Trainee: 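My structure is below; once you've seen it, I'll send some questions.
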Amino acid sequence: MTEIYRDRNNNLWIGTYMEGMARLDWETKRYTFYKHVPDNPNSIAGNNVWTILEDTQGTIWIGTMGNGVDKYDKNTNTYVHHRNDPKDPASLSNNDVFIVFEDNIGQIWVGTRNGLCLLNRNTGRFTRFMSGSSTENGIYGGWVYDIYQDQFENLWIGTDQALNLYLPESNSFEHFQEKDGLRGNAILGIAGDGKNNLWISTNKGLCRFNIPERKFRNFDVADGLQSNEFNYTSKLLSSAGKLYFGGKNGMNVFNPDSIRDNLKIPPVYFTKLFVLNMPVGPQQNSSVLSRHISFEKSITLRHRQSVVTLEFAALNYSNPEKNQYAYWLEGFDTGWNYIGNKHEVTYTNLNPGRYLLRVKGSNNDGIWNEEGTALQIFVLPPWWKSWWFQTILCFVVVGLVWLALYIRVSIFKNQKKKLMVLVKERTFQLEEVAVTLEEKQEEINSQNEELMTQKDELENANSILIEQKQQILDQNAELDRHRNQLESLVEERTRELIEAKEKAEESDRLKSSFLANLSHEIRTPLNAILGFSSLLGDKDLREHEREEYSAIIQHSSNTLLELISDILDISKIEAGQMELDLTEVYLKDVIDELTGMFEVLMKREELSSNRQVQFRVVIADEILKTQLVTDKLRLEQILSNLIGNAIKFTRKGYIELGCTSVPNEKRLEFYVKDTGIGIKEEHLQLIFERFRKVEEDKTYLQRGTGLGLAITSQLVSLLGGTIRVSSRVGEGSVFYFTIPLIKPGSTGTSFPKENFNLVLPDLKDCRILVAEDDLSNFHYIEKLLKKANANVIHAENGRQVIQIMQGIHDIQLILMDIKMPEMDGIETLKELKKLNIQIPVVAQTAYALADEAVKLKKEGFAGYLSKPIQMEQLYFIVASNILPRGDISSKIEN
């Protein structure tokens, strides 16, 4: 059941998922059922009923998921259907309806998966409120989950992105989000307590919103919620005044009057002091504290105590983890620093001076102790920067200068007295020798001039010789360096050329072997296809022989496709363009698929070659329940390659698939063990190289190109794991590989992998447009669709598709070839979107690259068919896009 609604006559209206609607007459205890009848327009629009409302006029409004809104008149038992029309902007914006609401003046509001709609009762037309590129004044969020009108006649709309308040005077909206105080942006339910408060369930908890004050109070699991996530529109205000909210882990019931804020202002204390990251206490004979830090009003730190940490606490024991803190170091910070529930602060390398550390805190309901507590912090300068040292230093410098000047003056006075005596004595002597000196002076001057000339010449010659010597030394050093470099370069280049020559010869040999092997591997299945195709034309062929030849042709065709896929995979890996499709994967799903496939394969091998090999899986149940983020297709490809190789080389015994968790690491280790022929030790590393095939037993030829294990090794590496092998000749081999449980980065987008075991749907009255320029491919698809009674229209290119869609309006599906002349499939899809044509378009392409499906999904295609197209795949894709989900199983034969 999706909805239970009581009308004014106390009858219960019950909405269900895919089973229509029921009404319980409370007096007679009898049920009346309402279900959709395809050929009866006067029946309910759809069987997936999501919401029910009785308006003030007694009319029943029925909101469905996928079929719009019905207006039901109980007196005449008639319906008026409101659905989305892509060509009519005044129709319902979307057929998926979450809520139908009547406001205080009788207006009908409809919340859909694509915006909010207001119905004009007189005209039956809708006014849409959509979330567009600019949501400054418009509604914020596309999915409208709930609508509520409070006692002030305010209309509140809850969407997947915000709480919206409708402003009728400007026909605009006011938005509230997490940045405004909300617990979560996805508004799943809104209820009022009649006392100026809204109670709002979100994807992250429960909120109480005071309407006049515009203030939020948030609650989470710490306050007693069953979970932080609630179900949308799952709320109720009972007649007793209790509020009910349904969530992921049950239901919360409470009386809103019993929810009171904690108004007690908590005292704030300092609790611990750390200096240089070491705790400090009065018992340690510390020069910092004389008593416990909570009683201190000030502390004094030496300049060496450069790292100081203080812890503090607000004494509130009701949800203390919600206590909030802020600090301000006056003289250092510019204002308050709000640090949430962190209750410590650290400062390093404070300059000498006086500081005041102020701390304030709040209780669990945000009631702050604005006064808080404070601590004076004095940081002493080093002794060489203290005032007394600098004063003494000035006096010492001045005294030394004065003493030096006094001693110098005294020396000058004594020298002056002695000089006066000497001057008198020497004056006479000088007068005597003056004449002699004058004569000798002239001779000395001439000799000096000659010596100076000779000195300059010698210095110039010496400088030239020194420069020449240095140039010779520099040139010799440069020559030695170049000679050494050349010798090293010649040795290195010689070694590289030898290695390159050996690699080129080996690569040429491997590629030649690969091409010869590839030619053989292609011709072998191709020979079977051509040969048995010619035999199918024999008119005398028996039915069982025809079935046998068809099976051989199908098997050979699959072999060719696998060969082409391997070549494409190794090409993508070598080009560095292999992209992973990362999704959440349950290990049990992967193992179950592989087990079913290989058990069938082993039975076929037993019948065709008389092998006696047992396939078994040894994995613990707790490992099978593991959920990991990886590329499911590539993981299955790795396991399939390893198990396939084991089957090739094992003729008796068993093949075992296992998986264990790696201790102390978020990894899984898989292994594939067999009792086959084994591998020699010298070949263990060669088997992971491209084009390598180790064939020791010449009596038994195995098919393959030598790419399987090379691709497997590269895929394991791309998934973040490692691969190794251990083996003994004649006893068997064990291949191990690991992958991480969680892969960082965003997950990829891919088409869902459907189960194609369903064939031959009933497509009567279904018109399908097939865009295909190749006539043979079109005739093949046409034959399959007509076999299911479909009406098929052909277009040879994209331009014809546009023309047909503009002329014919009842086409339900387009099968679009990607490569077509004039206009390809992607360009055609873009043109259809511009024309607002919104029917599903399924891509069909011959590209076999692994990331093709992801690219087509991003372009907007509803599905993907890879050529060659399989009958089961075509039928399922067509049925799942045309037939309603609930009707597929009933219209498709197993």
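Note that the coordinates shown come from a computational prediction; the quantities given were computed from them, not determined experimentally.
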Trainee: Quick check: does any side chain N or O of Asn252 sit under 3.5 Å from a backbone N or O of Gly224, one acting as donor and the other as acceptor?
Mentor: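 Yes; at least one donor-acceptor contact below 3.5 Å.
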
Trainee: Counting distance only, does the side-chain N/O of Asn249 pair as donor-acceptor with the main-chain N or O of Ser227 below 3.5 Å?
Mentor: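 Judged by distance alone, no pair lies under 3.5 Å.
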
Trainee: Establish, yes or no, whether a centroid distance under 6.0 Å links the rings of Trp156 and Phe209.
Mentor: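 For Trp156 and Phe209, the ring centres are under 6.0 Å apart.
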
Trainee: May I have all residue pairs that pass ring-ring contact (aromatic ring centres under 6.0 Å, His included) and include part of residues 261-282, sequence neighbours excluded?
Mentor: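 Sorted result for residues 261-282: empty, none.
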
Trainee: So, taking the atom named OG1 in Thr233 and the one named CD in Glu3, what distance separates them when rounded to the nearest 0.5 Å?
Mentor: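 Taking OG1 in Thr233 and CD in Glu3, the distance rounds to 7.0 Å.
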
Trainee: Tell me, with the steps shown, if Trp143 and Phe98 meet side chain to side chain contact (heavy atoms under 4.5 Å, CB included).
Mentor: CA-CA 8 Å; Trp143 293 27; Phe98 291 108; 3.9 Å; yes

Trainee: Tell me if the OH atom of Tyr586 is crowded by more than 12 foreign heavy atoms within 6.0 Å.
Mentor: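 No, the 6.0 Å shell around OH holds no more than 12 heavy atoms from other groups.
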
Trainee: Which pair of non-hydrogen atoms, one from Pro740 and one from Gly720, has the smallest distance, and what is that distance?
Mentor: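 In this case the closest contact between Pro740 and Gly720 is CD-O, 3.7 Å.
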
Trainee: Looking at Lys632 and Asp589, is any side-chain nitrogen of the basic one under 4.0 Å from a carboxylate oxygen of the acidic one?
Mentor: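 Salt bridge between Asp589 and Lys632, a charged N being under 4.0 Å from a carboxylate O: no.
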
Trainee: Look only at the side chain of Gln177 and the backbone of Gln161, and say whether a donor-acceptor pair between them is shorter than 3.5 Å.
Mentor: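 At least one qualifying donor-acceptor pair exists.
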
Trainee: Using 0.5 Å steps for rounding, measure from the CD1 atom of Ile293 to the CG atom of Leu310.
Mentor: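 So the CD1 of Ile293 and the CG of Leu310 are separated by 5.5 Å.
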
Trainee: So, Glu296 side chain and Arg291 main chain: donor-acceptor pair closer than 3.5 Å or not?
Mentor: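 Indeed, once roles are kept as given, a pair shorter than 3.5 Å links the two residues.
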
Trainee: Quick check against the 3.5 Å criterion: does Thr626 have a side-chain atom that pairs as donor or acceptor with the backbone of Leu587?
Mentor: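 Checking the backbone N and O of Leu587 against the side chain of Thr626, no donor-acceptor pair under 3.5 Å is found.
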
Trainee: List the residues meeting salt bridge (Lys or Arg N to Asp or Glu O under 4.0 Å) with Glu178, not counting sequence neighbours, and say none if there are none.
Mentor: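 With neighbours one apart ignored, the set is Lys204.
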
Trainee: For the residue pair Ile157 and Ile190, what are the closest heavy atoms and their distance?
Mentor: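 Nearest heavy atoms, Ile157 then Ile190: C-CD1, 4.2 Å.
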
Trainee: Taking all non-hydrogen atoms of both residues into account, name the closest pair between Ala314 and Tyr325 and its distance.
Mentor: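 Between these two residues, the closest heavy atoms are N-OH, 3.1 Å.
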
Trainee: If I take atom CG from residue Leu165 and atom NE2 from residue His175, how far apart are they, to the nearest 0.5 angstrom?
Mentor: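 Reported value, rounded in 0.5 Å steps: 9.5 Å.
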
Trainee: Do the side chains of Thr373 and Phe312 get nearer than 4.5 Å, heavy atoms only?
Mentor: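 With C-beta onward as the side chain, the pair stays apart.
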
Trainee: Distance-only criterion, 3.5 Å: show the donor-acceptor pairs between side-chain atoms of residues 339-349 and protein atoms not counting sequence neighbours.
Mentor:
unit_1: Asn341; atom_1: ND2; unit_2: Glu321; atom_2: O; d: 3.4
unit_1: Thr346; atom_1: OG1; unit_2: Thr309; atom_2: OG1; d: 2.9
unit_1: Tyr347; atom_1: OH; unit_2: Asp333; atom_2: OD2; d: 2.5

Trainee: Only counting residues at least two apart or in another chain, list the ones meeting salt bridge (Lys or Arg N to Asp or Glu O under 4.0 Å) with Asp160.
Mentor: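 With sequence neighbours excluded, Asp160 shows a salt bridge (Lys or Arg N to Asp or Glu O under 4.0 Å) to no residue whatsoever.
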
Trainee: Quick check: closest heavy atoms across Met251 and Gln226, and the distance to 0.1 Å?
Mentor: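 Shortest heavy-atom separation between Met251 and Gln226 comes out as N-CG, 3.9 Å.
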
Trainee: When rounded to the nearest 0.5 angstrom, what is the spacing between CZ in Arg208 and NZ in Lys195?
Mentor: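 Going from CZ on Arg208 over to NZ on Lys195, the span is 11.5 Å.
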
Trainee: I'd like to know whether Leu188 forms a side chain to side chain contact (heavy atoms under 4.5 Å, CB included) with Ser234, so could you lay out the CA-CA distance, the side-chain angles of the two residues, the decisive distance to 0.1 Å, and finally the verdict.
Mentor: CA-CA 8 Å; Leu188 305 175; Ser234 181; over 6 Å; no

Trainee: Would you give the length of the straight line joining atom OG1 of Thr630 to atom CD1 of Ile638, rounded to the nearest 0.5 angstrom?
Mentor: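 Nearest 0.5 Å value for the OG1-CD1 distance: 7.5 Å.
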
Trainee: If I compare all heavy atoms of Arg634 with all of Leu719, which pair ends up nearest, and what's the gap?
Mentor: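 Looking at all heavy atoms of both residues, the shortest contact is CB-CD1, 4.5 Å.
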
Trainee: Would you say that more than 12 heavy atoms from the other residues, nucleotides or ligands in this model lie under 6.0 Å from the NZ of Lys264, or not?
Mentor: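 It does not: Lys264 NZ has 12 such atoms or fewer within range.
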
Trainee: Would you check if Leu357 and Val359 make a side-chain contact, meaning some heavy-atom pair closer than 4.5 Å?
Mentor: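 With C-beta onward as the side chain, the pair touches.
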
Trainee: With the side chain counted from C-beta on, respond yes when Ile299 and Gln376 share a heavy-atom pair under 4.5 Å apart, and no when they do not.
Mentor: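 In short, these two side chains do not touch, never coming nearer than 4.5 Å.
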
Trainee: Compare all side-chain heavy atoms of Leu225 with those of Phe230 and state whether any distance is below 4.5 angstrom.
Mentor: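 A side-chain contact under 4.5 Å exists here.
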
Trainee: Using modelled atom types and a 3.5 Å cut-off, is there a donor and acceptor pairing between side-chain atoms of Glu153 and backbone atoms of Asn104?
Mentor: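 Such a contact is absent between Glu153 side chain and Asn104 backbone.
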
Trainee: Taking the side chain as C-beta and beyond, is there a heavy-atom pair between Phe670 and Ile739 under 4.5 Å?
Mentor: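 In short, these two side chains touch, coming nearer than 4.5 Å.
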
Trainee: Assess, by modelled atom type and distance only, whether the side chains of Tyr166 and Asn171 contain a donor and an acceptor separated by less than 3.5 Å.
Mentor: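 Asn171 and Tyr166 do have a side-chain donor-acceptor pair below 3.5 Å.
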
Trainee: Please report the closest heavy-atom contact between Val307 and Asn277, naming both atoms and the distance.
Mentor: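 The pair with the smallest heavy-atom distance is CG1-OD1, 4.0 Å.
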
Trainee: Side chain of Ser201, backbone of Gly189: donor and acceptor closer than 3.5 Å?
Mentor: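 Here the side-chain-to-backbone pair exists.
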
Trainee: Between Asn218 and Gly181, is there a donor-acceptor pair closer than 3.5 Å when you use the side chain of the first and the backbone of the second?
Mentor: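 Yes, because the side chain of Asn218 sits within donor-acceptor range (under 3.5 Å) of the backbone of Gly181.
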
Trainee: With rounding to the nearest 0.5 Å, note down the distance linking CZ in Arg217 to SG in Cys207.
Mentor: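 Between Arg217 CZ and Cys207 SG, I get 10.5 Å after rounding to 0.5 Å.
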
Trainee: Tell me every residue that passes salt bridge (Lys or Arg N to Asp or Glu O under 4.0 Å) with Asp631, counting only those two or more places apart in sequence or in another chain.
Mentor: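 Asp631 satisfies salt bridge (Lys or Arg N to Asp or Glu O under 4.0 Å) with no residue once adjacent residues are dropped.
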
Trainee: Would you say that Phe126 contacts Ser93 through its side chain, given a criterion of any heavy-atom pair below 4.5 Å between the two side chains?
Mentor: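 SC-SC contact between Phe126 and Ser93 ruled out.
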
Trainee: Is Lys360 close enough and on-axis enough to Trp336, meaning under 6.0 Å and within 45°, for cation-pi?
Mentor: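 Yes, Lys360 sits over the ring of Trp336.
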
Trainee: For Asn316, which of Val268, Asn323, Ile367 qualifies under side-chain contact (heavy atoms from CB on, under 4.5 Å)?
Mentor: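 Passing option: Asn323.
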
Trainee: Evaluate the criterion side chain to side chain contact (heavy atoms under 4.5 Å, CB included) for residue pair Glu622 and Lys625; output intermediate values, then yes/no.
Mentor: CA-CA 5 Å; Glu622 59 270 16; Lys625 297 176 182 178; 5.6 Å; no

Trainee: Go through the side-chain N and O atoms of Gln151 and Asn196 and say whether any donor and acceptor fall under 3.5 Å apart.
Mentor: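 A donor-acceptor contact under 3.5 Å links the two side chains.
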
Trainee: I'd like to know if the side chain of Thr271 and the backbone of Glu311 have a donor-acceptor N/O pair within less than 3.5 Å.
Mentor: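 Yes, Thr271 side chain to Glu311 backbone: donor-acceptor pair under 3.5 Å.
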
Trainee: Sequence neighbours excluded, which residues qualify as salt bridge (Lys or Arg N to Asp or Glu O under 4.0 Å) partners of Arg128?
Mentor: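 For Arg128, no residue satisfies salt bridge (Lys or Arg N to Asp or Glu O under 4.0 Å) once neighbours in sequence are set aside.
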
Trainee: Which is it for Lys235 and Asp146 under the side chain to side chain contact (heavy atoms under 4.5 Å, CB included) test, yes or no, and what are the steps along the way?
Mentor: CA-CA 10 Å; Lys235 92 292 184 187; Asp146 203 3; 2.9 Å; yes

